[in-house]
Every structure is written in structure tokens, then in C-alpha cells.
There are 2 protein chains.
Amino acid sequence: MGRDKLGAATAPGQLRPAGVKSYQQNAGHGMVTMEDVARLAGVSKMTVSNVVNNRDGVGDLVRQRVLEAIRRSGYRVNVSARTLRSGRTGVIGLAVPDIELPYFGHLAAHVIEAAGRQGFHVAIEQTGAAAAGEADAIAHSRTLHFDGLILSAVELDRLDEHPAEAGYPLVMLGEQDFGGRFDHVAMPNEEGTKAATTHLADRGCRRIAIVTGRASDDVNMVTRRHRGYLAALAERGIGIDPALLFSLDDASMEAGREAACRLVDSGHEIDGVVAVTDTVALGVLRGLADRGLRVPEDVRLIGFDDIPESGFTVPSLSTVAPDHRWMAERAVELVAQRIRAPLRPTVQYIAPFELMIRESTR
Amino acid sequence: MGRDKLGAATAPGQLRPAGVKSYQQNAGHGMVTMEDVARLAGVSKMTVSNVVNNRDGVGDLVRQRVLEAIRRSGYRVNVSARTLRSGRTGVIGLAVPDIELPYFGHLAAHVIEAAGRQGFHVAIEQTGAAAAGEADAIAHSRTLHFDGLILSAVELDRLDEHPAEAGYPLVMLGEQDFGGRFDHVAMPNEEGTKAATTHLADRGCRRIAIVTGRASDDVNMVTRRHRGYLAALAERGIGIDPALLFSLDDASMEAGREAACRLVDSGHEIDGVVAVTDTVALGVLRGLADRGLRVPEDVRLIGFDDIPESGFTVPSLSTVAPDHRWMAERAVELVAQRIRAPLRPTVQYIAPFELMIRESTR
DNA sequence: ATCGATCCATTTATCGATAAAGTGAGCCAA
DNA sequence: TTGGCTCACTTTATCGATAAATGGATCGAT
């Protein structure tokens, strides 16, 4: 320590007698650069870089001097420059169909938090629940140089047709299943729906309707939830009435409301409804009220997701509660791992869940 | 056209007989660069840049050739490099207290859409409704080189103490008022709350409670909404009972529920409640149900924001509906303008609103 | 024929950071 | 004493794009 290799002209806090030119070079946007910090601390900018990135090979004394210079100058790294040189952005993309839907807002909050703990920022893309939007999100994420992408895919079923994804850290979150080709944190779609349906049956329901989204192929959320429903009915020896299977164009409150109205208007007797998501269940709840049916006295209702609103409706909504925090943490963990080790074999998780029994199935 | 200035060696689609070196230089991360496109099209990379950025000074024939080369090579601009050189990122930051709250999710969706139309991406920061978080968001946005920031500030009342903001394109959205020092798209806090309270009075309510957030200073949302409430009561000749003024620690559903319970338990007679936000109103609705009071028969209830859920509760919620789309569009427009012209005088907007009369005040 | 204006495209010099290679002083074993 | 090793920094050569300056035709006007 205490080398005196550095002459007086480069002592800490002094400006090196550099030519005018080196001042004018970075007159840029009035930003403080590493060069400035280096000059202030009397070291090279590479040393500043080493301190900023917490690499070793920097002596304690010099490190302190640099930190002090950073503090005094108000220096902030220029992320673009870092990215350009290192190829890393520190940003993870999160692509969701619609941030406005409570479930995705909820999920996003957890992802942002988990990513923050790992030192990543999160940029949100809205895909509009269309396959095209989801493919776009992948393309965008490369354009913007996200280090990786968490894709909450709903529609995108032929990802192999989009060459953009090759070798890119991509984690599927939620619904879709791609046969093990990607890291995937899945919802307990089948298991959860089965548990929900079984719960209704155990409460005495015998005419249980299910309100799902459009069934587009055999691997997606809708079909899996369907399967859980059918399995539960079979197990309880309840017959299947096709008139009680309802599908929606989108998973919105409005669609749920309309479905409930049509269900009641159709004249079929029902005493229980399994809704594909809580958002839809909120609509169903409203639709049943529109038709003068009481929940749970006339019809029992159960949802899926456990969005915050579900605990506050009147009556409060029973639901399948996947551990969203757990899902977000696993997803972030998986992208982070894959960014570091692109060739690790893919991992499939299914989120744990519990049934939240509230007033709508009392 | 049809210049033959370009020799055979640089004809379109041909590779220039460049040394091996120039291939190895950008072996980087397997990305296609402008250099590659330029070589393919037989032009300089500056020309490619001009085409990509739609600048003029490029002939039609060459432009076509470059576009074709871009298409064939699958080129995408490297945003980091562009940013480093030009100082622009094309990203606007949106800082909100909590993306999970429906109101902010709703708003974010509109901002993302409006920004997209102006060619900007949006990155979301969560501030946790704390002044520190909001100041952090400003600092972050500079670190990440957002071109500008839309800040939905709740707590940050002394922005002048944070030097970070000087000369930075910053637009306040929603609650706070900074005396004209920033561009500001404000909620119609006072006007809206006054209209809501008047509406309750006109429905016959005489014991109208208000449930607000914590009143921290005299310019923020809470106090403005308070003022609107008081003004309405005065105008209708209704006395003010301090026992009917309730304040919450945060604007959550849970807080609303507790407030409603305490309000009822306190034994004071009430026949109307003005809630500071719809989210709080959802909680109040639930709290009143907990205590066996019917809405609107026993107590009428009105909220503020018109979040999507409000139309689907039982009973559905009357509310003040500011035009969120309008707000998002103005906010994006203002940042965009300020990015282009940093010194333009500040602009203050107050959003238009309407009363949505639903079942909770029938 | 000469000059300037106009196009179109190319060259040059960076933007701010980092990977990788280089330097030199001190230290230890042979 | 000398070669080999560490340490603790410094130098060098980029990453991919763009602003600004430069080059060289072509054309109309004087």
C-alpha cells in the first residue's frame, strides 16, 4: 500500500495536467464518465471499472479513493456503453398479454421484486394475448437487448416456427407447455381445477358448469383445466353434461358476466360454477347477481388465481391459489441461470397451490 | 439512376473482397451489424444508418438495395450502440407506486399504448408509494438512460431537494402538484370529489363520511379531495362532523375494509361514504357487508377512478371516472415534447371526468 | 468555361465502458 | 543471482452506431 508511484500531478483529488482536448472530448451530454472519476481519484478508468463492478485486484486504499471520487462526482454508469461492450443489459423482459388484468399485474409485481433482488431490471411488454404479439415480444426483446425474457404465453403454440428464439434465454411462465423445449414454470392447471371441482362436489353440487377460455389446442391452459374438471367429475361419479361446458373468447370480466347470463338463461339447472380465472369469476358473480341468483345459496362459485380482489368481493370468492411469489422467483431464477449457462438442460416446474375457501362455496 | 460507379466487386448481394480481418472483427455475439448489411448491399454503413433512420439523402435505388439487405440478413439495430452515440434510448420510464393496484395497471396499459404510437418503449418502476422510492425512480431513470420519466407521484413533495431532476424531461401524472415547476397531468381531485359528494347529497344523504389517505401536506391528492368534499357539503348546507372524516395509512382494499368496520363500530350514524379511490371503495363495500349494512339501501357509496372492477362488483360501484386514456396520452405527449424541446414552459392539465352512476348510489 | 448549389454517398472521429493483454515492482525458491 | 509468480494497476483495442465533415458528380446560370 501507500505506493508513491503516483506523482504529485496525479495525487487523489487533483486533476491530471491533461491537455484541453481531453476535456472537450467528453463534453457530451454533461454526464460524469469513468474518465472523470479516474482523473479525480488519480487512477486509470479501468481501475474505476473494476471498483464499480466489485472485481478484485484493486487495493483497499485505492478502492476507497475511487469510491470517494464516485460519491463526490455523482457518477452513474452508462448502461448503454456497458451493454455495447459487454453484451449484457441487466434487463429482463416480461411479456404479458395485458398488464391491466389483475392477475398479470400481480405477477409482474412479484417478478419485478424477485428480479431486483438478483440485480436485474424488468421491462414489460404487452402482447395482447395474440400469438403475433407474443412472437413480437421475443423479437423486441432481442432488439432491446434484454438479457432474457420471461414470456407469459397464452396463444403462442408453435414457437418453433419463430427462429428468433434459438439459443436465447427464454422462460415460459404460466400457461403454455412446449414439451420440455424451454424452461417452464407452469400453473397447476389440471391439479388445481380438479381440486376446485372436487371441492364443489364435496359441498354437494351435482350440476357443475365450467367456464373456460377458447380451447385452441391440446396443450394449453384451457384444455388442461378442462381435464382437471372432467377428472374430478369422473372421480365423484358425476355425469358430464355438454350443456354445462362454456367457453369464452377472452378471459375478461365482461365475458364472464355474459357467460353467466347465458348459462342461466339457457334454463339448464346449475348449482356450481368453476371459472377459468378469478377475473372471469368476478364477471360470473356479477352475471349471477344480474339474474337474481344468490351465491352460495343457489349456486356455488370457485375461481383460479387468487387475485387480491377475490378476498373482497361480496360474497368473497373461493379460488385455487397458486403461489405466485414462488412462480415469479423460480422464473427469475431460471432466466438468471440460463443467462449465465445457456446450455443447461431445461427445467419444468409446476407451482404449488392451495384452495382458498371463502364465502362463495360455503 | 443506374450509376456504374460501383464496380463488380461491390455489386449488390456480393461480398466486397475485404480482408479476413474485417470478418473477425465483429464476430462478437453472433449479431448482424450495420457493417454486415453495408457489405451485403455494397454501400457504406453510414448509408445503412441513413436508411434505417429514414433520413433523406439516399437515392431510391440504393435505399431499396439496403432494405433488401436488411430483410435478408435479419438485421436489428443495436439499441445500446445507438444510445451511446446519440444519447437517446427510445425508452420512457413510468414510475408508479404499485403496478399491482388496478388503477396503476389500468393507467400503465394506456401509457404503454400511447407511447408505442409515438415510437417509445416503456419501462415500469415501482416506487412503493414512498418518497424515497420516487426519488430513486428518478435516479434510476437517469442511470438507465430513459429519455424521460412519467412519475405518478404520491408522496414526493419536496422534489427540489433532489438535484437529480434538473433539466430532465419529467412529467408528473396524477396526484401531486408542484406549483407549475413540472409538466403535470392532474386528476380532477377537487372537482371530482365535490361532484361525487354532491351526488350523494342529492340522493338524500345527510351523514356523509369520507375515507381518505393520510393527509401529509396541503398540495397532495388527499387534501384536494378533502376540499372537494367540504365544498360540496357547504354548498348543500350540510354540517361537517369530524367523526365522519377517516384517514388511512395506505389506499388498499384492506385499509378500506377496516375503515368501514371501524366507522360502523364507532356507532356514528352514516348514510353515505365517499372513498378516496375505487380500490379503497372495494374494501369499504366489503367492510359494510361484514357489518351487515346494505348498499345502497342503508349506505350509499361512491369511489374515484373507475377501475374496470367497479362495474362488476355487487352492487356495482358508482365512481368518478377521469378519462385515463386522455391522461396517458397527454402525459406521453408532454414527455415527448419535452424530450425534443427541453426548455418549453411547463404545462398543467386537469383531466376531464364524468360521474359513473351505478347501483351503489341508486 | 467557371462557379455555386444540390445530391448522394463516404470518411472520420467519437460516445463510455470493458475484455484481454501488458507492465513493473516485490517476493520466494533454487 | 536469476527465473518464475503474484499483485495491483495501466494500456490497447474494440463493442455498433451516428454527427459532422468531406468528396465527387451533375446541372443551371452567368
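A note on names: the letters A, B, ... follow the listed sequences, proteins ahead of strands, and every chain is numbered from 1. Since the model is a prediction, treat every value here as computed from it, not as a measurement.
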Next on the checklist: Nearest whole Å is fine: how far is D/dC7 P from A/Asp60 CG?
Outcome noted: 14 Å

Item to check | Main-chain N/O of A/Val37 paired to A/Ser73 side chain as donor or acceptor, under 3.5 Å | outcome: no

Item to check | Length of the line joining B/Leu84:CG and C/dT14:C1', which is rounded to integer Å | outcome: 9 Å

Next on the checklist: I'd like to know if the side chain of A/Thr346 reaches the main chain of A/Arg181, judged simply by a donor and an acceptor atom lying under 3.5 Å from each other, with no hydrogens or angles considered.
Outcome noted: no

Checklist entry - Given D/dT18, is OP1 or OP2 found less than 4.0 Å from the side-chain N or O atoms of B/Arg82? => result yes

Checklist entry - For A/Val62, which contact category applies under a 4.0 Å heavy-atom criterion: base, sugar-phosphate, or nothing? => result sugar-phosphate

Checklist outcome for this item: B/Ile70 atom CD1 is separated from D/dA17 atom P, nearest whole Å, by 10 Å

Item to check | OP1 or OP2 of C/dG16 under 4.0 Å from side-chain N/O of A/Ser80 | outcome: no

Checklist outcome for this item: Ranking D/dT10, D/dT18, D/dG16 by distance to the side chain of A/Val43, first place goes to D/dT10

Next on the checklist: How many whole angstroms separate atom CZ of B/Arg88 from atom C1' of D/dT18?
Outcome noted: 13 Å

Checklist outcome for this item: Separation between OH (A/Tyr349) and CG (A/Leu334), nearest 0.5 Å, reads 5.5 Å

Checklist entry - Between C/dT18 and A/Asn53, is there an OP1 or OP2 to side-chain N/O distance shorter than 4.0 Å? => result yes

Next on the checklist: Can you work out whether A/Ser49 or B/Met46 has the more 5'-proximal nearest nucleotide on DNA chain C?
Outcome noted: B/Met46

Next on the checklist: Taking the minimum atom-to-atom distance to the side chain of A/Ser86, which one of D/dT10, C/dA19, C/dA17 wins?
Outcome noted: C/dA19

Checklist outcome for this item: Separation of C/dG16 atom C1' from A/Glu35 atom CD, nearest Å, is 9 Å

Checklist entry - From D/dC9, C/dT11, C/dG16, pick the nucleotide closest to the side chain of A/Ala81? => result C/dG16

Checklist entry - Would B/Arg82 and B/Asn53 count as having a side-chain donor-acceptor pair, cut-off 3.5 Å? => result yes

Next on the checklist: Of the listed nucleotides (D/dT10, C/dA19, D/dT18), which one gets closest to any side-chain atom of B/Lys45?
Outcome noted: D/dT18

Item to check | Between P of C/dA9 and CD of B/Gln64, the distance in whole Å | outcome: 12 Å

Item to check | A/Asn78 CG - D/dA17 C1' separation (whole Å) | outcome: 13 Å

Next on the checklist: Base, sugar-phosphate or nothing for B/Arg55? Non-hydrogen atoms, less than 4.0 Å.
Outcome noted: sugar-phosphate

Checklist entry - Of the candidate nucleotides D/dT11, C/dA19, C/dA9, which contains the atom at the shortest distance from the side chain of A/Ser44? => result D/dT11

Checklist entry - Can you tell me how far P of C/dT18 sits from CZ of A/Arg85, to the nearest Å? => result 10 Å

Checklist entry - Considering residues at least two apart in sequence or located in another chain, which fulfil the side chain to side chain donor-acceptor pair (under 3.5 Å) criterion with A/Gln337? => result A/Arg344

